[in-house]
Amino acid sequence: MTSPISRGFRGRRAAPGAAKLPPGQYETHDFPVLSAGPTPHTPLATWSFTLTGAGGQKARWSWAEFEALPHEQLTTDIHCVTKWSKFGTEWSGVSIDALLAAGAAMGVQPAPYVVAACDGGYTTNVPLADLTNGKGWIAVGYDGAPLPAEHGGPARLLVPHLYFWKSAKWIRELRLLERDAPGFWERLGYHNYGDPWREQRYAGDE
Ligand SMILES: Nc1nc2c(c(=O)[nH]1)N[C@H]1C(S)=C(S)[C@@H](COP(=O)(O)O)O[C@H]1N2
Ligand SMILES: [Mo]
């Protein structure tokens, strides 16, 4: 891979945090709320999380069962396609690795593509390989507290290495698929993959 930094630029002193800022992004200390529709408020008593296999097999967890899965804490930078980035955000949640392990014990096998489906109807697609090996979580905590509803609580997908629209709020289901299927923004012209470091904002961006 060739360096994206030209020779002349390499010697210059970069602004603090610049190395962590993908192209075209700026740092914010706020936590903006971006939602395509109203914030759903599903009571925990009726909330469940479903992992659906490519053949239709389902593993389902109530809130209490989901809370009993192993949780991790992580600190990560996040990057929204509207150009804000936020450094060092602190989350807790269940890794997709742990979820798949629990799902396998319930008869759900991995498949190469995933669609996340949410209360309110939002969907987004991610290759399974971008969720496994410590790259994706179902987050239920933010900054040491339960994830606020406006940021996706009780549970959201967290895929910090892709643009933040992939981190589906109010997630209720991960559907494993043999073939890729674009989600809400991907069908409306956003990039199918959405790597901030390659500035894959819109369909047609390389
Ligand atoms: N269900 C759902 N998830 C969503 C969205 C949405 O509208 N609905 N917006 C996406 C977009 S475009 C972004 S940038 C982030 C914003 O998350 P935040 O509101 O916590 O900052 O959520 C993503 N997940
Ligand atoms: Mo976004």
Side-chain angles (χ1 to χ4, degrees), residues 31 33-54 57-74 76 78-81 89-103 106 108 110-111 113-132 134-143 145-177 180-187 190 192-194:
F31 194 172
V33 172
L34 284 105
S35 304
T39 295
H41 293 274
T42 302
L44 294 182
T46 54
W47 185 92
S48 63
F49 187 83
T50 304
L51 181 66
T52 303
Q57 313 90 327
K58 286 182 190 290
R60 185 168 285 142
W61 295 267
S62 68
W63 179 256
E65 291 164 343
F66 195 83
E67 281 292 272
L69 293 172
H71 284 49
E72 295 178 358
Q73 299 198 336
L74 67 136
T76 188
I78 53 178
H79 311 289
C80 175
V81 74
T89 59
E90 295 181 15
W91 304 83
S92 66
V94 177
S95 72
I96 306 303
D97 297 308
L99 195 71
L100 286 174
M106 297 161 80
V108 178
Y113 299 100
V114 179
V115 165
C118 306
D119 280 324
Y122 185 88
T123 56
T124 191
N125 58 318
V126 189
L128 182 63
D130 284 89
L131 297 179
T132 52
K135 292 198 290 294
W137 294 265
I138 306 294
V140 297
Y142 177 76
D143 231 359
L147 181 62
E150 69 266 26
H151 287 302
R156 81 181 295 167
L157 186 61
L158 180 62
V159 199
H161 71 287
L162 300 178
Y163 279 125
F164 209 38
W165 88 75
K166 298 285 186 180
S167 292
K169 304 196 283 190
W170 316 299
I171 191 168
R172 293 290 297 276
E173 182 183 7
L174 282 180
R175 295 182 194 138
L176 295 157
L177 302 170
D180 197 11
F184 177 78
W185 285 121
E186 293 84 6
R187 283 196 298 266
Y190 282 80
N192 192 59
Y193 183 65

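Across all non-hydrogen atoms, the minimal contact from A98 to V94 is CB-CG1, 4.1 Å. The shortest non-hydrogen separation linking G103 to A59 is CA-CB, 4.2 Å. When all heavy atoms of P182 and R187 are compared, the closest pair comes out as O-NH1, 3.0 Å. When all heavy atoms of W165 and G194 are compared, the pair lying nearest together is CH2-CA, 4.0 Å. A pairwise comparison of heavy atoms in A102 and L69 identifies CB-CD2, 3.8 Å as the closest pair.
Partner of Y193 under the side chain to side chain donor-acceptor pair (under 3.5 Å) criterion, chosen from N125, D180, D130: D130.
Atom CG of residue L176 and atom OH of residue Y113 lie 13.0 Å apart, to the nearest 0.5 angstrom. From L147, atom CG reaches atom CH2 of W91 across 6.0 Å, with rounding to the nearest 0.5 Å. If you take CG on D143 and OG on S92, they are separated by 10.5 Å, rounding to the nearest 0.5 Å. Atom CE of M106 sits about 12.0 Å away from atom NZ of K58, to the nearest 0.5 Å. The line from NZ of K135 to OG of S95 is 11.5 Å long, rounded to the nearest 0.5 Å. A distance of 10.5 Å separates OG1 in T123 from CD1 in I171, rounded to the nearest 0.5 Å.
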Side-chain donor-acceptor contacts of residues 150-158 below 3.5 Å, not counting sequence neighbours, with atom names and distances?
{"residue": "R156", "atom": "NE", "partner": "S167", "partner atom": "O", "Å": "3.4"}
{"residue": "R156", "atom": "NH1", "partner": "H151", "partner atom": "O", "Å": "2.8"}
{"residue": "R156", "atom": "NH2", "partner": "S167", "partner atom": "O", "Å": "2.9"}

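Annotation: Y163 is not in aromatic contact with Y190 [ring centroid separation under 6.0 Å not met].
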Do V81 and W185 pass the side-chain contact (heavy atoms from CB on, under 4.5 Å) test, and can you show the C-alpha distance, the side-chain angles, and the key distance before you say yes or no?
CA-CA 11 Å; V81 74; W185 285 121; over 6 Å; no
Please determine whether side-chain contact (heavy atoms from CB on, under 4.5 Å) holds for the pair Y142 and T89, giving the CA-CA distance in whole Å, both sets of side-chain angles, and the decisive distance to 0.1 Å.
CA-CA 8 Å; Y142 177 76; T89 59; 3.9 Å; yes
I'd like to know whether K169 forms a side-chain contact (heavy atoms from CB on, under 4.5 Å) with T39, so could you lay out the CA-CA distance, the side-chain angles of the two residues, the decisive distance to 0.1 Å, and finally the verdict.
CA-CA 9 Å; K169 304 196 283 190; T39 295; over 6 Å; no
Audit row: I138, I96, side-chain contact (heavy atoms from CB on, under 4.5 Å) steps and yes/no
CA-CA 7 Å; I138 306 294; I96 306 303; 3.8 Å; yes
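Counting only distance, with no hydrogens or angles, the side chain of H161 and the backbone of V159 share no donor-acceptor pair below 3.5 Å.
When side chains are defined from C-beta on, V140 counts as touching F66, because their heavy atoms get closer than 4.5 Å. Considering only heavy atoms from C-beta on, W170 comes within 4.5 Å of S35 through its side chain. Between L100 and L128, the closest side-chain pair of non-hydrogen atoms falls below 4.5 Å. At least one side-chain heavy atom of L99 sits under 4.5 Å from a side-chain heavy atom of F49. Within the 4.5 Å cutoff, the side chain of W63 has no heavy atoms near those of the T42 side chain.
By the 4.0 Å N-to-carboxylate-O rule, R172 lies close enough to D119 to be salt-bridged with it.
Residues meeting the salt bridge (charged side-chain N to carboxylate O under 4.0 Å, His left out) test with K166, sequence neighbours left out: E186.
Using cut-offs of 30° and 60° on the angle between ring planes, the pair F184 and Y122 is tilted.
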